[in-house]
Amino acid sequence: QALAGIARDFRREEGARLFLIQGPADPEAARGFEGAWGGPLPLVEAPPAEVLGAILAECSAYLGCDSGVSHLAALCGAPALVLMGPASEPGRWRPIGPRADWLPWEQAERGAARLRELARRDPGPTVTGDIP
């Protein structure tokens, strides 16, 4: 599985801890990832939106496919790499964020290097203080 390979390479190079975020429709995909990984991983299962946003905002990196969670990760400022398939329209649906990018599934072998680049990118200015 391409995602597990990218995660493995990123973890080896960066020493990052890995966990899965599983939505209500994702149990089979999560089991598939764990199978490709070689064992079970810590799992965050269907967190409320505000909890999910807080988790994603603190991630050292995010890796996923073209999904709502992936787009939320990018918007929360996480270094986010999204793999997009032939049915995706990157010109319209690419992730938006200061440290977000996408690759076609056919170029997944470039994923770990690209995720490292995104993780090292300056996130830009942050908002502080009260928001009216």
Side-chain angles (χ1 to χ4, degrees):
Q1 151 127 216
L3 290 173
I6 294 169
R8 186 174 286 109
D9 289 348
F10 184 82
R11 180 179 181 190
R12 182 176 48 247
E13 294 292 324
E14 300 296 321
R17 291 181 299 159
L18 183 71
F19 65 93
L20 295 177
I21 298 170
Q22 177 182 306
D26 299 330
E28 186 177 329
R31 283 191 303 275
F33 185 95
E34 288 179 326
W37 183 260
L41 291 163
L43 178 68
V44 177
E45 193 170 352
E50 62 276 7
V51 173
L52 178 59
I55 290 169
L56 293 170
E58 294 299 319
C59 283
S60 61
Y62 172 88
L63 173 65
C65 57
D66 187 9
S67 70
V69 174
S70 295
H71 292 284
L72 181 59
L75 288 169
C76 286
L81 181 64
V82 179
L83 295 183
M84 300 183 99
S88 298
E89 295 180 45
R92 173 181 272 184
W93 299 114
R94 71 184 177 280
I96 299 170
R99 299 190 293 169
D101 200 3
W102 68 276
L103 285 174
W105 280 95
E106 299 81 28
Q107 295 179 21
E109 73 280 352
R110 296 178 41 214
R114 185 65 185 129
L115 192 54
R116 281 192 300 277
E117 290 170 11
L118 294 169
R120 293 179 180 137
R121 183 183 286 177
D122 182 356
T126 58
V127 176
T128 59
D130 293 334
I131 298 174

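Side chains are part of it too, since the values below use all heavy atoms of this structure and drop only hydrogens, waters and symmetry mates.
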Asks: With E50, which residues qualify under side-chain contact (heavy atoms from CB on, under 4.5 Å), at least two apart?
Replies: P48
Asks: Identify whether I6 and L41 are in the same connected component of the hydrophobic contact network (ILVMFWY, side-chain heavy atoms under 4.5 Å).
Replies: yes
Asks: About how many Å separate CZ of F10 and OG of S60, when rounded to the nearest 0.5 Å?
Replies: 5.0 Å
Asks: Taking only residues two or more places apart in sequence, or in another chain, which ones meet R120 in a salt bridge (Lys or Arg N to Asp or Glu O under 4.0 Å)?
Replies: E14
Asks: Same cluster for L18 and L52 if Ile/Leu/Val/Met/Phe/Trp/Tyr side chains link at under 4.5 Å?
Replies: no
Asks: Strictly by side chain to side chain donor-acceptor pair (under 3.5 Å), give each pair with a member in residues 74-86 just once, sequence neighbours left out.
Replies: none
Asks: In terms of hydrophobic clustering (I, L, V, M, F, W, Y; side-chain heavy atoms under 4.5 Å; direct or indirect links), are V69 and V82 co-clustered?
Replies: no
Asks: Which residues pass the side-chain hydrogen bond (donor to acceptor under 3.5 Å, both in side chains) test with R110, sequence neighbours left out?
Replies: Q107
Asks: Does W102 belong to the same Ile/Leu/Val/Met/Phe/Trp/Tyr cluster as W93, with side-chain heavy atoms less than 4.5 Å apart forming each link?
Replies: yes
Asks: Once you round to the nearest 0.5 Å, how far does CZ of R94 lie from CD of E89?
Replies: 12.0 Å
Asks: With E117, which residues qualify under salt bridge (Lys or Arg N to Asp or Glu O under 4.0 Å), at least two apart?
Replies: R114
Asks: Within the supplied structure, the quantity of interest is the number of heavy atoms (other residues, nucleotides, ligands) at a distance under 6.0 Å from R8 CZ; does it exceed 12?
Replies: yes
Asks: If you compare all heavy atoms of R99 against all heavy atoms of P123, which two are closest, and at what distance to 0.1 Å?
Replies: NE-CB, 3.7 Å
Asks: List in chain and number order the residues that pass side-chain hydrogen bond (donor to acceptor under 3.5 Å, both in side chains) with E106, two or more places apart in sequence or in another chain; answer none if no residue qualifies.
Replies: none
Asks: My understanding is that only residues two or more places apart in sequence, or in another chain, count here; which of them pass side-chain contact (heavy atoms from CB on, under 4.5 Å) with P98?
Replies: none
Asks: For A57, check side-chain contact (heavy atoms from CB on, under 4.5 Å) against everything at least two apart and list the hits.
Replies: C76
Asks: Who passes side-chain contact (heavy atoms from CB on, under 4.5 Å) against L3, sequence neighbours left out?
Replies: Q1, F33, L63, L83, W105
Asks: Which residue pairs satisfy the salt bridge (Lys or Arg N to Asp or Glu O under 4.0 Å) criterion with at least one member in residues 29-49, sequence neighbours excluded?
Replies: none
Asks: Under 4.5 Å between side-chain heavy atoms, counting indirect links through other Ile/Leu/Val/Met/Phe/Trp/Tyr residues: same cluster for L20 and V44 or not?
Replies: no
Asks: Check the pair L56, I21 against side chain to side chain contact (heavy atoms under 4.5 Å, CB included), reporting the backbone distance first and the verdict last.
Replies: CA-CA 10 Å; L56 293 170; I21 298 170; 3.7 Å; yes
Asks: Under the rule for salt bridge (Lys or Arg N to Asp or Glu O under 4.0 Å), what residues qualify as partners of R12, not counting sequence neighbours?
Replies: D9
Asks: Pairs in or reaching into residues 70-81: which pass side chain to side chain donor-acceptor pair (under 3.5 Å), with residues at least two apart or in two chains?
Replies: Y62-S70, D66-H71, S67-S70
Asks: Between Q22 and L43, which heavy-atom pair has the shortest distance, and what is it?
Replies: CB-CD1, 3.5 Å
